[in-house]
Asker: 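Got a structure here, written out as structure tokens. Questions coming.
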Amino acid sequence: MSGEFSMDILKDLQARGLIYQSTDLDALQDRLSKGPITLYCGFDPTADSLHIGHLVTVLTLRRFQLAGHHPIALVGGATGLIGDPSGRTSERTLNSREIVTEWTEKLKKQLSRFLDFESSSNPAKMVNNYDWIHSLDVITFLRDIGKNFTINSMLAKESVSSRLERGISFTEFSYMILQAYDFYQLHEKYQCELQVGGSDQWGNITAGTELIRRMHEEKVTVHGLTLPLITKSDGTKFGKSASGAVWLDPEKTSPYAFYQFLLNVDDHDVIKLLKVFTFLSLEEIKELEQEVATRPEKRVAQRTLAEEVTRLVHGEEALKRAVNITQALFHGEIRKLTAQEIAEAFQDVPSATITDHQLPLVDVLVQTGAAKSKREAREFITNGAVTVNDVKVTDLTIKVDELDHLAGKYLVIRRGKKNYYLCELAQA
RNA sequence: GGAGGGAUACCAAAGUGGCCAACUGGGGCGGACUGUAAAUCCGCUGGCAUUCGCCUUCGUAGGUUCGAAUCCUACUCCCUCCA
């Protein structure tokens, strides 16, 4: 990914709707026109995986790298121990050091997939702020760093002021200083001149640009950029599925579920999402917009979005499986699935193991969770809502033995359009 | 401190001795339609029982009655008004 240097990165970001706030866009444009810049974005280990929302900033780092700049992905091994108050209404619960270390490692692994660390011209870097913060002694912290912040300006930040009513610990209150210090460190070590982050990071980013300015007697200017929170046309935040967050970790959200999530986005949102989450050119996206307008039922835009992003996050092989599973599940071809595909498709689907082959299907529905009670199970069967291995079942008294078994031991139960349950038959 | 009103199923809200497992609306879930969409229409929405039917539920605990969500008593919580 040694991409040729491009001066149009800001224009591209702007056209994709990716710029929310910035310190001084003209000054940044000016700086960018003079040559490659080093920039960074931080990710705190607040969970054992990044989710689809994080992708907005991660991919922005990648966009900068593709444009010839030097991206640094920072994992917050130290800041994750403190807790960022930004965008939160209540105090965080501290996680143990062991947990944070474990999560830090997982994030590093995930992040590394999106950047090129081997490039000969502009390789990416991965850093952990634990490396410089854990050894920071309290006297240095208060004398050399803290002296550059006034309580007044700290209280004025949204992240703090919104919490004064309900309360905020000194720990979280101090968070912005650590993030500012990160920016300072990266500026000193790597000449990092730009920090990007989500819209809730504005206060922390400007704390950093301020600190750097003061540490250099006002002679140095660095830049900050925030990206918008991605919302759907109904105004709600993008990235939550019925079963919770959409994770990048395939163990937490299977590539199939990930693909499905994107395939199902609303017509009103898909173009915006293509701009944010894919590297397709704006011309290509324009064509897809035409498709949505003229042949919405084809869902070419959604399909493209799902394919592009799934490939990016999970790779070509996982994408193929996801497409295959989708084909099988929604076009009545469950029988064509391989054992591995069955496992993936039903990874996070409720399941049950049955040893009594004389059990009525009604009970199987209850045991797998497809129905809450036998009464409800009968209702579903009567309504024609139940399918076993693609065959609609309407017989209330049918037993496990009388049904067809997939691969000799599976009952793939579908209730309604998209609710799947797996029942495995075992020997008693 | 005084006066009054209220607590019903996921939410809202009827019911004021038997016809109440509880009107109605929303939500949810199914079905039809469709683009794995939106809108619309139809059905279901305490549990068990293949039928009769049985069991648990209307703030909590008791009581009256053949029979209570509905009447009585005590308790808990909430709201409004006057101080």
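The chains referred to below are lettered A, B, ... by the order of the sequence lines, with proteins before strands, and numbering in each begins at 1.
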Asker: What is the distance, rounded to the nearest whole Å, between atom NZ of A/K374 and atom P of B/C54?
Answerer: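 Answer to the nearest Å: 20 Å.
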
Asker: For atom C1', what is the distance between B/C19 and B/A12, given to the nearest Å?
Answerer: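 The same atom, C1', in both gives a distance of 26 Å.
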
Asker: Mind checking the P distance from B/A21 to B/G6? Whole angstroms is fine.
Answerer: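 Between the two P atoms, the distance is 25 Å.
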
Asker: In whole Å, what is the span from the OH atom of A/Y259 to the P atom of B/U36?
Answerer: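 So the two atoms are 12 Å apart, to the nearest Å.
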
Asker: Using the P atom in both, what is the distance from B/U8 to B/C79, to the nearest Å?
Answerer: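 These two P atoms come out 14 Å apart once rounded.
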
Asker: Which value, in whole Å, describes the distance between the P atoms of nucleotides B/A13 and B/G1?
Answerer: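 Going atom to atom, P in each nucleotide, I get 30 Å.
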
Asker: Let me know the distance between CG of A/L361 and P of B/U50, rounded to the nearest Å.
Answerer: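 From A/L361 CG to B/U50 P: 15 Å.
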
Asker: Under 3.5 Å, is there a donor-acceptor pair linking the side chains of A/T79 and A/Q179?
Answerer: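 No, no side-chain donor-acceptor pair sits under 3.5 Å.
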
Asker: Should the side chain of A/E376 and the base of B/U45 be counted as holding a donor-acceptor pair, with the cut-off at 3.5 Å?
Answerer: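 Answer no: no donor N or O sits under 3.5 Å from an acceptor.
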
Asker: Just checking, is any N or O donor in the side chain of A/D44 or A/T46 under 3.5 Å from an acceptor N or O on the other one?
Answerer: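 Their side chains do not contain a donor-acceptor pair, so the 3.5 Å distance test is not met.
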
Asker: Which atom pair, heavy atoms only, marks the closest approach of A/L115 to A/P71?
Answerer: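 Nearest pair, atom of A/L115 first, then A/P71: CD2-CG, 4.1 Å.
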
Asker: Return the value, rounded to whole Å, for the distance between atom CZ of A/R295 and atom C1' of B/A37.
Answerer: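 Rounded to the whole Å, the gap is 18 Å.
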
Asker: To check you understand the geometry: which heavy-atom pair defines the closest contact between A/V265 and A/Q302, and what is its length?
Answerer: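 Closest approach of A/V265 to A/Q302: O-NE2, 3.0 Å.
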
Asker: What's the gap between B/U16 and B/C11 when it is taken at their C1' atoms, as a whole Å value?
Answerer: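 Per the computed distance, 23 Å lies between those C1' atoms.
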
Asker: Would you mind building the protein contact string for nucleotides 30-35 of chain B? One character per nucleotide, 5' to 3', B for base within reach (heavy atoms under 4.0 Å), S for sugar-phosphate only, - for untouched.
Answerer: SS--BB

Asker: With a 6.0 Å cut-off on ring centres, are A/Y256 and A/F346 close enough?
Answerer: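 Between A/Y256 and A/F346, the centre distance exceeds or equals 6.0 Å.
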
Asker: Report the distance from atom CD of A/E333 to atom P of B/U36, rounded to the nearest whole Å.
Answerer: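 After rounding, the reported distance stands at 14 Å.
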
Asker: For the CD atom on A/Q290, are there more than 12 heavy atoms of other groups (residues, nucleotides or ligands in this structure) within a distance under 6.0 Å?
Answerer: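 No, the 6.0 Å shell around CD holds no more than 12 heavy atoms from other groups.
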
Asker: Please state whether the rings of A/H51 and A/H54 are parallel, tilted or perpendicular, taking 30° and 60° as the class boundaries.
Answerer: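 Aromatic pair A/H51/A/H54 classed tilted.
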
Asker: Quote, to the nearest angstrom, the C1' distance that separates B/U65 from B/C71.
Answerer: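 The answer is 9 Å between these two C1' atoms.
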
Asker: Within the pair A/R375 and B/G47, is there a side-chain N or O less than 4.0 Å away from OP1 or OP2?
Answerer: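 It does, given that an N or O in the side chain of A/R375 lies less than 4.0 Å from OP1 or OP2 of B/G47.
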
Asker: Between A/T23 and A/L194, is the side chain to side chain contact (heavy atoms under 4.5 Å, CB included) condition met? List the steps.
Answerer: CA-CA 10 Å; A/T23 41; A/L194 168 68; over 6 Å; no

Asker: Answer yes or no: is there a side-chain heavy-atom contact under 4.5 Å between A/T38 and A/E193?
Answerer: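 The answer is no; the side chains never approach within 4.5 Å.
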
Asker: In residues 309-331 of chain A, which ones come under 4.0 Å of RNA chain B, going by heavy atoms?
Answerer: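 Under 4.0 Å from RNA chain B: A/T326, A/F330.
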
Asker: Between B/A14 and B/C23, how far apart are the P atoms? Round to whole Å, please.
Answerer: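 Those two atoms are separated by 14 Å.
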
Asker: At 4.0 Å (heavy atoms only), tell me whether A/T397 reaches a base, stays on the sugar-phosphate, or touches nothing.
Answerer: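 No contact.
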
Asker: When Watson-Crick pairs (N1 to N3 and N6-O4 or O6-N4) and G-U wobble pairs (N1-O2 and O6-N3) count only below 3.5 Å on both distances, what is the dot-bracket string of RNA chain B, with | for other-strand pairs?
Answerer: ((((((((.[[[..)..(.....]]]((((((.......))))))(((....)))...[[[[[..)....]]]]]))))))).

Asker: Please confirm whether the backbone N or O of A/E91 pairs with a side-chain atom of A/E172, one donor and one acceptor, at under 3.5 Å?
Answerer: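 Checking the backbone N and O of A/E91 against the side chain of A/E172, no donor-acceptor pair under 3.5 Å is found.
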
Asker: Taking only the C1' atom of each, what is the distance from B/U57 to B/U70 in whole angstrom?
Answerer: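 Here B/U57 and B/U70 have their C1' atoms 15 Å from each other.
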
Asker: One thing to verify: whether A/K108 and A/E105 come together as a salt bridge, which I'm taking to mean a side-chain N less than 4.0 angstrom from a carboxylate O.
Answerer: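 A salt bridge is present here (some side-chain N lies under 4.0 Å from a carboxylate O).
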
Asker: Hey, can you tell me if A/F330 and A/Y420 have their rings parallel, tilted or perpendicular (30° and 60° cut-offs)?
Answerer: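 Rings of A/F330 and A/Y420: perpendicular, over 60°.
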
Asker: Any side-chain N or O of A/R378 under 4.0 Å from OP1/OP2 of B/A49?
Answerer: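 It does, given that an N or O in the side chain of A/R378 lies less than 4.0 Å from OP1 or OP2 of B/A49.
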
